[in-house]
Number of protein chains: 2
Amino acid sequence: MSVQSIERALDVLESLAEHGGAAGLSEIAAKTGLPYGTIHRLLRTLLARGYVRQESDRRYALGAGLMRLGGVAEGMVGAWARPYLARMVELSGETANLAVMEGDFVVYVAQVPSPRRLRMFAEVGRRVLPHSTAVGKVLLADRAADDAVTLLERTGMPRRTPNTITEAGAMLAELGRVRALGYAMDLGEEELGVHCLAVPVSDGERVVAAMSVSGPAERIDAVDREELAEGMRGIARAFGAELAPVSGER
Amino acid sequence: MSVQSIERALDVLESLAEHGGAAGLSEIAAKTGLPYGTIHRLLRTLLARGYVRQESDRRYALGAGLMRLGGVAEGMVGAWARPYLARMVELSGETANLAVMEGDFVVYVAQVPSPRRLRMFAEVGRRVLPHSTAVGKVLLADRAADDAVTLLERTGMPRRTPNTITEAGAMLAELGRVRALGYAMDLGEEELGVHCLAVPVSDGERVVAAMSVSGPAERIDAVDREELAEGMRGIARAFGAELAPVSGER
DNA sequence: CCCCTTTTTCCGCTGTGTGGAAATTAGCTT
DNA sequence: AAGCTAATTTCCACACAGCGGAAAAAGGGG
């Protein structure tokens with residue numbers, strides 16, 4: 001069982017983030033559906049600890065404390081993966097992501113944006129269902145078929161776009177293809193017009209993460225998939241090798 | 001009044017951060033002094049929302065959700081200030097910081113590190129008392145004398161190093177000097193061997209922030225203060241001008 | 001295989017968090 | 001200026017959510 005007030009505090013912080021980092025109390029109330037008194041009390045607590053700031057017009061904004069926590073969290077995985085992601089950006093010209101499985105969700109844990117003007121928006125920290133993304137397919141493909149089916153039954157396979165695969169049978173076939181090819185595609189299955197190519201990251205015995213590049217459909221479709229996938233696999237392999245060793249410190 | 005469970009959840013997150021981003025339950029218990037059952041329940045809530053992750057060895061680590069919130073928070077002020085801070089780094093060769101007053105504390109909200117090998121460690125998000133830092137003096141100097149004295153009485157003026165100014169009278173004289181010169185120095189008053197020079201950022205009517213450069217005493221002392229301060233004031237003025245306009249959107 | 005350590009679950013009591021509604025403040029409009 | 005509206009902030013009695021001690025379970029060495 002979860003702690004209600006913490007969940008609500010997180011709702012408040014997330015709604016602030018969705019409003020671009022700052023919002024009035026009533027905007028938060030509209031978004032979260034919580035009563036005013038409650039939100040105000042939560043905000044005061046966060047305020048006292050520096051995780052939220054109040055601007056001169058009384059609006060609330062995400063505070064500097066979050067920068068610190070975020071920085072440490074990012075330092076953990078992100079900085080580790082960043083050089084490899086940067087090489088993928090160099091290779092493909094597109095935004096590169098690192099994602100891991102967390103429960104039934106795929107979570108993006110690091111990103112290096114493409115230098116191009118038209119590029120993917122930051123989605124670090126976002127949680128998505130695996131069936132509609134390239135990284136999700138790669139991560140699912142490593143599981144036993146019945147395990148994957150169980151998960152898909154639990155989550156359902158909601159249709160995100162007309163291209164989304166919504167049938168378990170079709171998904172199993174797709175996962176087989178992913179295993180055979182060694183990479184997965186997302187052809188506008190999560191968001192129309194956005195295509196991705198993902199490859200697995202293995203620490204030697206298991207697939208622990210997936211790395212992908214994503215960008216506008218036209219640009220992604222223009223490249224030779226096999227060739228791009230081969231380049232990405234090389235980078236993912238190097239990253240995986242760094243994860244593998246005897247765990248290092250402590 | 002604050003919400004207990006949120007405060008405690010923040011304690012837990014902070015203790016994780018202090019442990020370098022990951023720790024076992026008992027390490028957290030030792031640091032926070034909270035009972036095991038309580039910590040575990042808090043962690044489960046944070047876990048369910050992706051703000052904490054559990055590694056295979058059952059240790060807990062800061063999660064990707066924080067990267068997202070931190071990113072948005074940083075995006076707000078930091079990205080805004082970053083180009084200006086970068087110019088200060090270029091000008092001085094030292095790490096540049098942006099700090100604001102929050103309650104009785106000075107909080108560092110953005111930083112651009114020096115390219116040099118020997119440089120200040122990231123302290124974004126850190127809260128310090130104003131009396132022992134250059135940015136703090138700049139921010140205090142904008143206040144009425146009795147206002148500043150009240151604040152200093154509230155916080156006390158703890159001695160951080162042998163150089164710390166710990167007497168209200170001496171501090172008032174120092175603040176007068178800061179107003180007259182248009183910049184403040186910190187000569188190892190917060191940390192021995194670290195010197196800083198800070199200038200105010202004004203949005204046209206009030207000092208809303210302070211920008212500083214800091215580095216090893218030898219390097220900071222080697223430059224012409226007046227000249228460096230003049231250059232920094234120019235940059236701070238430009239930044240302040242960007243903050244001033246009719247607030248922009250909405 | 002057994003013992004020791006660390007993590008996880010459980011459950012009855014109490015003190016903490018809740019939220020409706022009133023008071024206050026800020027920002028407009030006349 | 002004064003009055004109005006829309007927002008934020010404070011208050012309080014009740015109820016139940018969260019607390020934490022202690023027992024159970026899971027690891028992990030030896």
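Given the structure is predicted, the values throughout are model-derived calculations rather than measurements.
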- Query: If we only count heavy atoms from C-beta on, is the A/V138 to A/D142 side-chain gap below 4.5 Å?
  - Reply: no

- Message: How long is the straight-line distance from CD1 of A/I6 back to OG1 of B/T45, given to the nearest 0.5 Å?
- Response: 5.0 Å

- Query: Roughly how many Å is it from CG in A/L42 to P in D/dG18, rounded to a whole number?
  - Reply: 11 Å

- Item | Partner of B/H131 by side chain to side chain contact (heavy atoms under 4.5 Å, CB included), out of B/L152, B/L151, B/I165 | B/L152

- Query: How close or far is atom C1' of C/dG17 from atom CZ of B/R8, stated in whole angstroms?
  - Reply: 13 Å

- Just by modelled atom types, is the B/S132 backbone N or O under 3.5 Å from a matching donor or acceptor in the B/R160 side chain? no

- Does B/G182 offer a backbone N or O that forms a donor-acceptor pair with the side chain of B/R233 under 3.5 Å? yes

- When the C1' atoms of the five terminal pairs at each end define the local axes, what inter-axis angle does the helix from C/dC1-D/dG30 to C/dT30-D/dA1 show, to 10 degrees? 50°

- Message: I'd like to know if B/E14 pairs up with B/K31 as an ion pair, taking the criterion as any Lys NZ or Arg NE/NH1/NH2 lying under 4.0 Å from an Asp or Glu carboxylate oxygen.
- Response: no

- Counting N and O atoms only, with roles assigned by atom type, does the side chain of B/R53 sit under 3.5 Å from a partner on the main chain of B/A61, one being a donor and the other an acceptor? no

- Per-nucleotide protein contact along nucleotides 6-15 of chain C, 5' to 3', at a 4.0 Å heavy-atom cut-off (B base, S sugar-phosphate only, - neither), is SBSB------

- Can a donor-acceptor pair be found between the side chains of A/T32 and A/S15 at a distance below 3.5 Å? no

